[in-house]
Each structure stands twice: as C-alpha cells, then as structure tokens.
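Excluded from the calculations below are hydrogen atoms, water molecules and symmetry mates; all remaining heavy atoms, backbone and side chain alike, are included. FYI, the numbering just counts along the sequence from 1. Start at 1 and go down the list; that is how both ligands and their atoms are numbered.
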Amino acid sequence: MRSWSAQNVPQLPGESIPLRLYDTSAGQVRQSDPGPTARMYVCGITPYDATHLGHANTYHAFDLVGRMWRDAGHDVHYTQNATDVDDPLLERAAQTGIAWQELAEREIELFRGDMEALRILPPREYVGVTEVVGRVAELIAKLSAKGVTYELDGDVYFSVADAPKFGQVSGYGEPEMLELFAERGGDPDRPGKRNPLDWLLWRAERPGEPAWDSPLGRGRPGWHVECTAIALDNLGPGYDVAGGGSDLIFPHHECGASEGHALTGEWPFARFYTHAGMVALDGEKMSKSRGNLVFVSRLRQEHDPMAIRLVLLAHHYRADWEYVPELMAEAERRLATWRSAVALPGGPAGEELLARVRERLADDLDSPGALAAIDAWAGDALAHGGGPDASAPALVRSLADALLGVAL
Ligand code: 5CA
Ligand code: ZN
C-alpha cells in the first residue's frame, strides 16, 4: 500500500557516531552494527481509531534510529505493517456500522497525515496484512511441514513446546507470560490446547467474519505471524532492529521471534528487539480500548507539529511518561526560543554543538540530552545577540532537521 511522503534530509558535515541501542533481549545497551543497508521493521497500527500520542512516541523513537543510521551513511531499509484485519478492528466496525475495510482505510489515511506532519520518515514498504494473506498462509503451511504446529477445530496453533528459544526475547517467567498473554489477545483457556501459551497462526472462517481461501482452508492469519512474514519477505532474517512499544515485548515479539527461528533456523531472528516506553493519560496507559487518548490530529489543530515533536523528544524513548498539557506549552516555548536563536546572524560554535548532539543521540537515543545541548547553545546565542560563528545558525537548522526531524 501507499506509504507517506518523505522530506529531504540534509547531509551533515563532520564525523558521525555509531548508534548504541538498548536490546530488550540482551537486557543491555549494545552497539548496533548494520551493514551498508541497515534493516528495520517496526510494528504498525491496528487502524480502528486515530493516531494517539502513544503511537507517535513509538514511531518517533524509531525515526531517530533511522536518522542516526542515515547520518552514519547507511542506506536505511525500513518496513512497517498495518494490521488491517484483526478482532478489535472488526469489533469497532460492527459497533459503528462502518465496513471494516472503510474504517481501516480512513484511519490509515489519517495516520499517514499525522506521520508526515511530525516529519517521521516513511517506511520503504508499508504493508497491509490484507495484501499478503496468501503469503502468510504459505509460511504457516511451511511451519506445519516443520512439525511445530497443530490443528484445533480448523484453527492452526504454534506449539510452544517446539519453540526452543521461547522466552529469550522478553526474559519473562511463566506466570507473567500467562497474564500478559491473556491481556494481549491470547486465549490461554481455550479447551483442547496443548499448552496455554500456544498461539494462533490461522483462524478458520467464522460466520460474519472476513476470510480468504488458502491451502489451510478459508480463514485469516493470527496476529504475530503477520509481522514475521512481512519482515522476512521484505528484510530477510537477521535484520537489524525489530521495534514497537513495550506492550509488544510479550507475546508479540516473543512469538514472532520463535516463528522466524522455526522458518529460517536463524537466531536471533532480529539482532535487536527494541521497545519504546508507554505514554499515559490520567494515570493509565493511553489505549484505544480504554479510550483515554490524546489524538495527534487534535493537537495539530492547535499546535505547530514541530512542538508536538519536541514533546516526544523531551522524553527518553524508553521512559514511560504521562501527557499533561503543560508539556505542549513548554515545547512551544522551546521552539520559539530555538527559532529566535537561529534567526541571529551568528552564534556559538556550531560544530561543537553538532558533535554533542550526535554524541547524546548515539548513546541509546538520549534525546533529552540533545535538547539540553541545543537549549544551551540557543540561550548563549540569545544572551549575546549572536556569536562568533557566522555559519552556526544554518548548521543548527540542518542538524535539528537531519537528526531530530525538527524544522526550524
Ligand atoms: N498492529 C499492532 C502491532 S503489529 C499494534 O500493536 N497496533 S497498535 O495500534 O495497538 O499500536 C501501534 C504501535 O504503537 C505499537 O508499536 C504499540 O506498541 C505502540 N503503542 C500503543 N499504545 C501506546 C502507548 N500508549 N504508548 C506508546 N506506544 C504505544
Ligand atoms: Zn507487529
């Protein structure tokens, strides 16, 4: 499906710094070491409601990863899915009386507009699950041929007993796994399952639900295997980063990693499993099912999208944080200060600032540290009505654009 449009990213002078990134599966920060082509898959939206600040926080985090890789000269190959057929989408469509396809299309279009406004660089492939059902079914058949699946009343399950690496992404123990599995779309109590944690690969057609013909019978793919298939087909195994919010650590990325392992024999399926923190409102994780949402499209009616981006940048991507309106006001002030500073005829040394911003971002995307460095530069410039470096304002504009996605 159509992705969204990209802005031109300026080239920066001087030395780039290799990105160090937290890998959930290793439980530590490690240096990412991509080849000439850096490969990243980020889990996309389930399009049954508009983009909220939590989604934006996640896509923003991985946008910074892509920008750091670009700065280091890598060709960034980025793939994202849209879960355009799944239970919550079908439920919302039924409640509102809109066709599920229409609902998905409408919300995906809104999402594209929000991503563009926030200057989040687009994926090279933006893939709706409904576009690749046949291919997902093929991979499920391949898993069955390897003997890691079983059938239950026409549905197909992955047998966790045949997933030797299961648990290595999340590091969670069984009680926690069982709780999260039930909370996040799993069916631990279904009678007939061999293990409560066995996960659904193929759901046979139910009356009134969409279904596709396949060698597995008529039905539709389960959630986890869609991302495994789309990542594998576009990026290949051993890709550099699998990303999403921390609510995807388990079961989604755990199950996906085991599927990838079973299909390719390669471990790890992705070299880094990296997760953004959760954004909350009124003390609870922002979620479409709870309805405590701050929509990006609403914020955009009243605020410069660059100020919204600065709200995201002001938090470390791994932190959980709570949205309060004061954050928007603070970001508006910062944006105005930076814009005044780069309008001056000169400023303090621009290249030193660039080195500092690169150094902060290379350290597991310390965006608050990068903002603090630019704040200090801008404060100094404004206090002195400029500074000795005549090329600094233009360089600061370029670095804010290329590394932080902020147009000044
Ligand atoms: N379609 C699946 C992924 S394959 C899905 O989780 N969709 S979603 O619409 O629920 O979420 C889209 C992305 O936003 C996911 O990466 C999810 O981890 C992230 N996300 C959802 N809620 C929040 C939140 N409150 N804070 C931060 N990130 C969030
Ligand atoms: Zn996913």
Side-chain polar contacts of residues 397-408 - donor-acceptor pairs under 3.5 angstrom, sequence neighbours left out - could you list them?
| unit_1 | atom_1 | unit_2 | atom_2 | d |
| --- | --- | --- | --- | --- |
| Ser398 | OG | Ala394 | O | 3.2 |
| Asp401 | OD1 | Arg119 | NH1 | 3.1 |

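When Asp87, Asp49, Asp86 are each tested for a salt bridge (charged side-chain N to carboxylate O under 4.0 Å, His left out) with Arg92, only one passes: Asp49.
For the Zn ion (ligand 2), the nearby protein N/O/S atoms, meaning those under 2.8 Å, are Cys43 SG, Cys227 SG, His252 NE2.
Protein residues with a heavy atom closer than 4.0 Å to ligand 1 are Cys43, Gly44, Ile45, Thr46, His52, Gly54, His55, Thr58, Tyr59, Asn81, Thr83, Trp223, Cys227, Gly244, Gly245, Asp247, Leu248, His252, Gly277, Met278, Val279, Lys285, Met286, Lys288, listed by chain and number.
Taking CG of Leu197 as the reference point, atom CZ of Phe166 lies at 5.5 Å (rounded to 0.5 Å).
In this structure, the ring of Phe111 has its center less than 6.0 angstrom from the ring center of Trp4. Centroid-to-centroid, the aromatic rings of Phe158 and Tyr150 stay 6.0 Å apart or farther.
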Take Arg309 and Ile120 through the side chain to side chain contact (heavy atoms under 4.5 Å, CB included) test and state the conclusion after the steps. CA-CA 9 Å; Arg309 187 148 181 147; Ile120 288 174; 3.7 Å; yes
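Using a 4.5 Å heavy-atom cutoff, the side chains of Glu259 and Trp199 are in contact. Looking at Tyr78 and Val65, their side chains never come closer than 4.5 Å, going by heavy atoms from C-beta outward.
Identified under the side-chain hydrogen bond (donor to acceptor under 3.5 Å, both in side chains) test for residues 7-23, with sequence neighbours left out: Asp23-Arg30.
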